[in-house]
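In this text the structure is predicted, and so the values were computed from the model without any measurement. Just the heavy atoms: all of them, side chains too, but no hydrogens, waters or symmetry mates, feed the values below. Lettering of chains follows the sequences in order, A, B, ..., and the numbering in each one begins at 1.
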Number of protein chains: 2
Amino acid sequence: MGVIRKTKAVTTVLNIFENKNEAKSVVSLIELVKGDMNKTTVYRILDRLEQDGFIHSFNGKDGLKWYAKCNGCSAHKHSDKHPHFQCKECDKVECLSLEVNIPILKNHKVDSTDILLIGQCESCSV
Amino acid sequence: MGVIRKTKAVTTVLNIFENKNEAKSVVSLIELVKGDMNKTTVYRILDRLEQDGFIHSFNGKDGLKWYAKCNGCSAHKHSDKHPHFQCKECDKVECLSLEVNIPILKNHKVDSTDILLIGQCESCSV
DNA sequence: CTAATTTCGCAACTCAGTTGCATTAGTACA
DNA sequence: TGTACTAATGCAACTGAGTTGCGAAATTAG
Ligand SMILES: [Mn+2]
Ligand SMILES: [Mn+2]
Ligand SMILES: [Zn+2]
Ligand SMILES: [Zn+2]
């Protein structure tokens, strides 16, 4: 049984991620759905969608929270791990399907690895 | 000629980084020098020390700002790039002297790479 | 010692993210 | 189709990291 009720607000947020395969900052999402729903609701919906494996979150270069669609994750298996790229000009973020090899760390138990490449995207590096 | 005046406050902050080779969050630094100086001063001193290549900054897992001592950097050459490890139990951060290979990204100009490993440190993984 | 200039303290602000609570709206089931 | 249970929402108030403006104090060059 899904933890999630299909409310109008959930559908709206879900559609944003379904239609454009693009990472979104929470701030931009709140702006995008302003009028349709409260910012608290946005935060809470994102929480639930992440728990259910529909989206994943990460911190952008300024420490703000970003979300993007997952590929092949579920509530019990979050397998879609990958680095991100953020453009320092236009701020846009891309999910990268890159394999990065991290050497083993002695005496540490590593659970996850956050990798953020920063630079200029294709449009901005002309 | 240094851009920095050797004020009492600067010396205090500098000593914290000199004596213990340990990363510090701004929040913890403010707490540490509370009574000696204002939090605005802490932020401004950290800015200046970073520009001068004495310390470097990065975002921890919660999006907060952290600082640690640099090795071999100067105002004009910030060469001490490396990944960081943050313990999810005790929150402590370590600078890692690991070389991580990031594959070339087509159509992107990559300026820097932020890598944060998250897990349990030696003391916390018992 | 003096003047130029940087640095500091303070108070007020910004803004992302959170919390508590009363109200609304999905959903399961009779 | 109606009812009852409970998840989800709106709203307003809050939290806390980080910033800004400005007058006062401290550093440093000469
Ligand atoms: Mn992603
Ligand atoms: Mn470091
Ligand atoms: Zn760009
Ligand atoms: Zn630890």
Start with the C-alpha distance between A:Ile115 and B:Val100, add both sets of side-chain angles, then the distance that settles side chain to side chain contact (heavy atoms under 4.5 Å, CB included), and finish with yes or no.
CA-CA 11 Å; A:Ile115 302 181; B:Val100 176; 5.5 Å; no
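- Taking the six-membered ring where tryptophan is involved, the planes of B:His84 and B:Phe58 are essentially parallel, since the angle between them stays under 30° and well short of 60°.
- Within 6.0 Å of NZ on A:Lys61 lie more than 12 heavy atoms contributed by other residues, nucleotides or ligands.
- Taking atom CG of residue A:Asn38 and atom P of nucleotide D:dT9, one finds them 10 Å apart after rounding to whole Å.
- The residue A:Asp36 sits close only to the backbone: its heavy atoms come under 4.0 Å of sugar-phosphate atoms, none of a base.
- Spacing between atom CG of A:Leu29 and atom P of C:dC15 amounts to 18 Å, rounded to whole angstrom units.
- Using a cut-off of 4.0 Å between Lys/Arg side-chain N and Asp/Glu carboxylate O, B:Lys24 and B:Glu22 are scored as salt-bridged.
- The nearest pair of heavy atoms linking B:Gln120 to B:Cys87 is CA-SG, 3.9 Å.
- Residue A:His82 holds its NE2 atom at 11.5 Å from CD of A:Glu99, rounded to the nearest 0.5 Å.
- Residues A:Lys92 and A:Cys124 form no side-chain contact, since every pair of their non-hydrogen atoms from C-beta on lies 4.5 Å or further apart.
- When the shell of 6.0 Å around CD of A:Glu122 is examined, it contains 12 or fewer heavy atoms from other residues, nucleotides or ligands.
- Rounded to whole Å, atom C1' of C:dT7 lies 14 Å from atom CG of B:Leu46.
- In this entry the distance linking CG of B:Leu49 with P of C:dT7 reads 10 Å, nearest Å.
- Within 4.0 Å of B:Ile30, counting heavy atoms only, lies no atom of the nucleic acid at all.
- The distance from atom CD of B:Gln51 to atom P of C:dT6 is 13 Å, rounded to the nearest whole Å.
- Here the shortest heavy-atom pairing between A:Phe17 and A:Leu46 reads CE1-CD2, 3.9 Å.
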Check the interface with nucleotides 25-28 of chain D: list each N/O to N/O pair with the protein under 3.5 Å, or write none.
from	atom 1	to	atom 2	distance (Å)
D:dT27	O2	B:Arg5	NH1	2.7
D:dT27	O2	B:Arg5	NH2	3.2
D:dT28	OP1	B:Lys6	N	3.2

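- A:Arg48 has its CZ atom 12 Å from the P atom of C:dG26, to the nearest Å.
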Can you check each nucleotide of nucleotides 16-22 of chain D against protein heavy atoms at under 4.0 Å and return B for base, S for sugar-phosphate only, - for none, in 5' to 3' order?
-SBBBB-
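- Nucleotide C:dA16 holds its C1' atom 14 Å from the CG atom of B:Asp62, rounded to whole Å.
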